[in-house]
Amino acid sequence: MKSVAQLRALLFEMEKSLGLAELSQNEKDVLYAINQLAKSDANLVKSDQIRSHPLVSEIPSASFHRALKSLLKRGLVSHAPETKARSYIVNAELQV
């Protein structure tokens with residue numbers, strides 16, 4: 001359990017340094033899921049892929065959409081250009 005506590009403290013510090021500490025847990029989980037999924041296909045992620053990610057799958061639908069809308073408003077995520085609705089990309093500075 002001590003190791004888990006140390007990992008959580010490290011994650012918190014990393015979130016603070018990236019400016020993510022003020023996000024809700026749902027917003028962070030959606031953002032983390034998008035980042036994990038954005039490894040291929042020009043970093044494009046579809047909404048149904050995000051919804052089925054293990055970090056997000058238990059979030060109620062309304063909360064998921066609120067979190068995604070908030071991430072869009074904050075500029076952390078954008079609608080993918082030249083695609084149909086429900087496709088997203090992560091802001092370039094947050095891609096690792």
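Please read all numbers here as calculations on a predicted model, not as lab measurements.
Between the CG atom in L44 and the CD1 atom in I89 there is a gap of 8.0 Å [rounded to 0.5 Å]. Summarising the geometry, atom CD1 belonging to I34 is positioned 6.0 Å from atom CG belonging to L71; distances are rounded to the nearest 0.5 Å. Remark: L72 CG to H65 NE2 distance equals 12.0 Å, nearest 0.5 Å. How far CG of L76 is from CG of N35: 9.5 Å, rounded to the nearest 0.5 Å.
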Side chains of residues 19-31: which donor-acceptor pairs under 3.5 Å do they make with residues two or more places apart or in other chains?
unit_1, atom_1, unit_2, atom_2, d
S24, OG, E27, N, 3.1
S24, OG, E27, OE1, 3.4
Q25, NE2, D29, OD1, 3.1
E27, OE1, S24, N, 2.7
E27, OE2, S70, OG, 2.5
K28, NZ, E15, OE1, 3.2

**Request:** Could you please spell out the steps behind the side-chain contact (heavy atoms from CB on, under 4.5 Å) verdict for H53 and L37?
**Result:** CA-CA 8 Å; H53 190 280; L37 293 165; 4.0 Å; yes
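Across all non-hydrogen atoms, the minimal contact from S87 to K46 is OG-NZ, 3.6 Å. Y32 and L55 make their closest contact through CB-CD1, 3.8 Å (heavy atoms, listed as atom of the first residue, atom of the second, distance).
For K16, the salt bridge (Lys or Arg N to Asp or Glu O under 4.0 Å) criterion is met by E13, not counting sequence neighbours. Checked against side-chain hydrogen bond (donor to acceptor under 3.5 Å, both in side chains), S63 has the following partners two or more places apart in sequence or in another chain: R66. Contacts of H79 classified as ring pair (Phe, Tyr, Trp, His ring centres under 6.0 Å), with partners at least two apart in sequence or in another chain: Y88. For the side chain to side chain contact (heavy atoms under 4.5 Å, CB included) test, no residue two or more places apart in sequence or in another chain qualifies with S52.
Taking Ile, Leu, Val, Met, Phe, Trp and Tyr as members and joining any whose side-chain heavy atoms lie under 4.5 Å apart, directly or through other members, the hydrophobic cluster of M14 also contains L10.
With R74 contributing its side chain and K69 its backbone, the two residues share no donor-acceptor pair below 3.5 Å.
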